[in-house]
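Numbering starts at 1 and runs along the sequence shown.
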Amino acid sequence: MDQTHASSPLAGAVHDLATEVVLALRSGDHLATVCGAAGIDEENRTGIAAVRVIGADLLLPSVLHGRHPHPGDVAVLDRAVREFPPKPDAPAATAWSHWHMISTLQRIAPPSPGAPGAYEEPDAAWLEEAPWQAFTHQLSVLAPLAVPASPSAVQRAAANRAVDLSRGFVRAVRRRDWLQAAGAGRWLAAVGGEPATLGLERGLDFVELMGGHDPRVTLQVRAARLMAEARAR
């Protein structure tokens, strides 16, 4: 584990896992295991917690490349869902992340014995009233939901407020908040509707250049590019 990029074992595990997701996104290799390459299995509790942080993006290479995920990655994501369910007073973003992990597993992988059943989509009305700054922050936290095959109330809110997301993207760049900018850019690539004057493609290039030392930023930018390319075809 590369501790030069992390202040704790968990942060190091998240860094390593995000790095492996980026490599898989670039190569399109669905036969390789992301978790295995990062040294994570179902018995590694720190690794399971890192998967909970990454969320459904663990399977993003398979989702965007339209291929079956590695069974080992499916098993670890399933374990993360079981080990870290949201508490009753958990933030809305945590509930949405959990919902998305479950829905992703149910959509692209056969359910395992004892797998969680249907998990009701959380409320998203709060997003409709949120100021554009808070809206962009929350959407960046929920960037794993920004995938074409996963319609949700969050995705509809993003599509309805693309101009606000664009403002948030610019604000995040000016504040040098590269992770938030990358997350907002990924949503815009997924839903479209941004002003032509935004220059999203060049903006994402700049975000990756400045924030690319963080593989979570690179993950979001790479996902955005793949979705933008798919929309352009």
Only counting residues at least two apart or in another chain, list the ones meeting salt bridge (charged side-chain N to carboxylate O under 4.0 Å, His left out) with R225. D205, E208
Testing T19, V21, V22 one by one against T218 for a side chain to side chain contact (heavy atoms under 4.5 Å, CB included), which residue passes? V22
Please confirm whether the backbone N or O of L23 pairs with a side-chain atom of S27, one donor and one acceptor, at under 3.5 Å? yes
Is there a donor-acceptor pair under 3.5 Å between the side chain of W99 and the backbone N or O of P122? no
Quick check for you: to the nearest 0.5 Å, what is the distance between R67 atom CZ and I108 atom CD1? 13.5 Å
Taking ring pair (Phe, Tyr, Trp, His ring centres under 6.0 Å) as the cut-off, I'd like each qualifying pair that reaches into residues 150-181, sequence neighbours left out, listed once. W178-F206
Is there a side-chain contact (heavy atoms from CB on, under 4.5 Å) between R79 and E43 once you walk through the steps? CA-CA 9 Å; R79 180 67 178 270; E43 305 307 318; 3.8 Å; yes
Can you check whether L25's main-chain N or O pairs, donor with acceptor, with H65's side chain at less than 3.5 Å? yes
What do the steps show when you test R52 against I48 for side-chain contact (heavy atoms from CB on, under 4.5 Å), and what is the final call? CA-CA 6 Å; R52 179 63 187 85; I48 297 298; 6.0 Å; no
How about C35 and L77: do any of their side-chain heavy atoms sit closer than 4.5 Å? no
Using distance only, find each side-chain donor-acceptor pair of residues 190-202 under 3.5 Å and give its atom names and separation, not counting sequence neighbours.
none

Hey, what do you get for CD (E229) to CG (L226), rounding to the nearest 0.5 Å? 5.5 Å
For atom CZ of R176, is the number of surrounding heavy atoms from other residues, nucleotides or ligands below 6.0 Å larger than 12? no
Residues in salt bridge (charged side-chain N to carboxylate O under 4.0 Å, His left out) with R216, at least two apart? D214
Please list all pairs passing the side-chain hydrogen bond (donor to acceptor under 3.5 Å, both in side chains) test where one or both residues lie in residues 149-159, with sequence neighbours left out. H100-S150
Is the shortest side-chain N to carboxylate O distance from D57 to R186 below 4.0 Å? yes
Spell out, as yes or no, whether a donor-acceptor pair under 3.5 Å connects the side chain of D73 to the backbone of V34. yes
Among residues two or more places apart or on two chains, list those pairs meeting side-chain hydrogen bond (donor to acceptor under 3.5 Å, both in side chains) that have a residue in residues 121-145. none
What is the distance from atom CG of L127 to atom CG of D164, rounded to the nearest 0.5 Å? 11.5 Å
